[in-house]
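Single-structure report; data block below.
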Amino acid sequence: MKVAVFPGSFDPITLGHIDILIRAVQIFDKVIVAVLHNVHKNPLFTVDERISLIEEATKQLPNMAVDSFQGLLVDYVKKHHAMAIIRGLRETGDFQNELNMAQMNHTLYTGAQTIFLPTQPKFSFVSSSLVKEVAKHGGDIFDFVPQVVGNALREKYR
Ligand code: PNS
């Protein structure tokens, strides 16, 4: 059974993330979306809210689960016997940091490989932070996030 972990903050999940996920579930037997529980960040959505938004937005996708994690990603990956860490690459600016993370993770644990999947060009500028910025000022974000997330963002900023 080939298990992959797709880690991130997902505050909130965007259509760019979903696009990566749709492709990842075709490659692996199971993909676990792992939401980082980061006490140092100040997220808009709680971990539970992020998890239920992801669950709602991915209802139609097979072979996946949604979970949260704290601490080192590689510890989570090891515990779940995953062979891969999935990360999406939007543009070249993402690459340096992502490469460093992949190399660090591989140094800490050689039992899993980081797999980069390129985002479709139509989502290359879409990030959770930009979407929040637009939503905060009343802009239309429904082209960038699943409907359920768009509604939740509207509710948060009402
Ligand atoms: O969506 P993000 O915020 O870009 O995701 C970053 C994430 C969660 C993948 C990264 O911060 C992470 O793995 N954090 C867990 C702590 C850890 O393992 N750090 C070392 C990674 S080199």
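When a ligand or atom number is given, it counts from 1 through the structure's own listing order.
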Exercise for the section: Start with the C-alpha gap between Thr58 and Leu21, add the side-chain angles, then the distance that decides, and say whether side-chain contact (heavy atoms from CB on, under 4.5 Å) holds. Expected result: CA-CA 9 Å; Thr58 59; Leu21 201 45; 3.7 Å; yes
Exercise for the section: Output all residues satisfying side-chain hydrogen bond (donor to acceptor under 3.5 Å, both in side chains) with Glu155, sequence neighbours left out; order by chain, then residue number. Expected result: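 side-chain hydrogen bond (donor to acceptor under 3.5 Å, both in side chains) list for Glu155, sorted by chain: Arg158.
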Handout entry: Those residues that, when tested against Thr14, pass side-chain hydrogen bond (donor to acceptor under 3.5 Å, both in side chains) (two or more places apart)
Key = His17
Starting from [atom], find the nearest protein heavy-atom neighbour and note its residue, name and distance.
| atom | value |
| --- | --- |
| atom 10 (C) of ligand 1 | Met101 SD, 4.0 Å |
| atom 4 (O) of ligand 1 | Arg87 NH2, 2.9 Å |
| atom 21 (C) of ligand 1 | Asn105 OD1, 3.6 Å |
| atom 11 (O) of ligand 1 | Leu36 CD2, 4.1 Å |
| atom 15 (C) of ligand 1 | Gly71 O, 3.5 Å |
| atom 1 (O) of ligand 1 | Ser9 N, 2.9 Å |

Handout entry: From the candidates Asn100, Leu72, Asp94, the one that places a heavy atom nearest atom 19 (N) of ligand 1
Key =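 It is Leu72 whose heavy atom sits nearest to atom 19 (N) of ligand 1.
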Practice task
Measure up the Tyr76 and Phe69 rings against each other and bin them: parallel (under 30°), tilted (30 to 60°), perpendicular (over 60°).
Solution key: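 Correct class here is tilted.
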Practice task
Could you walk me through whether Phe45 and Lys132 pass the side-chain contact (heavy atoms from CB on, under 4.5 Å) test, one step at a time?
Solution key: CA-CA 11 Å; Phe45 293 98; Lys132 283 184 281 193; 5.6 Å; no
Practice task
Run the numbers for me: atoms of ligand 1, each under 4.0 Å from some heavy atom of Met104, listed by number.
Solution key: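 Numbered from 1, ligand 1 contributes 22 (S).
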Practice task
Apply side-chain contact (heavy atoms from CB on, under 4.5 Å) to Val35 and Ile54, showing your working.
Solution key: CA-CA 10 Å; Val35 178; Ile54 297 169; 3.6 Å; yes
Exercise for the section: Dump the intermediate steps for side-chain contact (heavy atoms from CB on, under 4.5 Å) on Tyr157 and Leu44, then the final yes or no. Expected result: CA-CA 10 Å; Tyr157 288 121; Leu44 178 65; 3.5 Å; yes
Problem - Region of Leu73 engaging ligand 1 - heavy atom pairs below 4.0 Å - result: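 Both of them.
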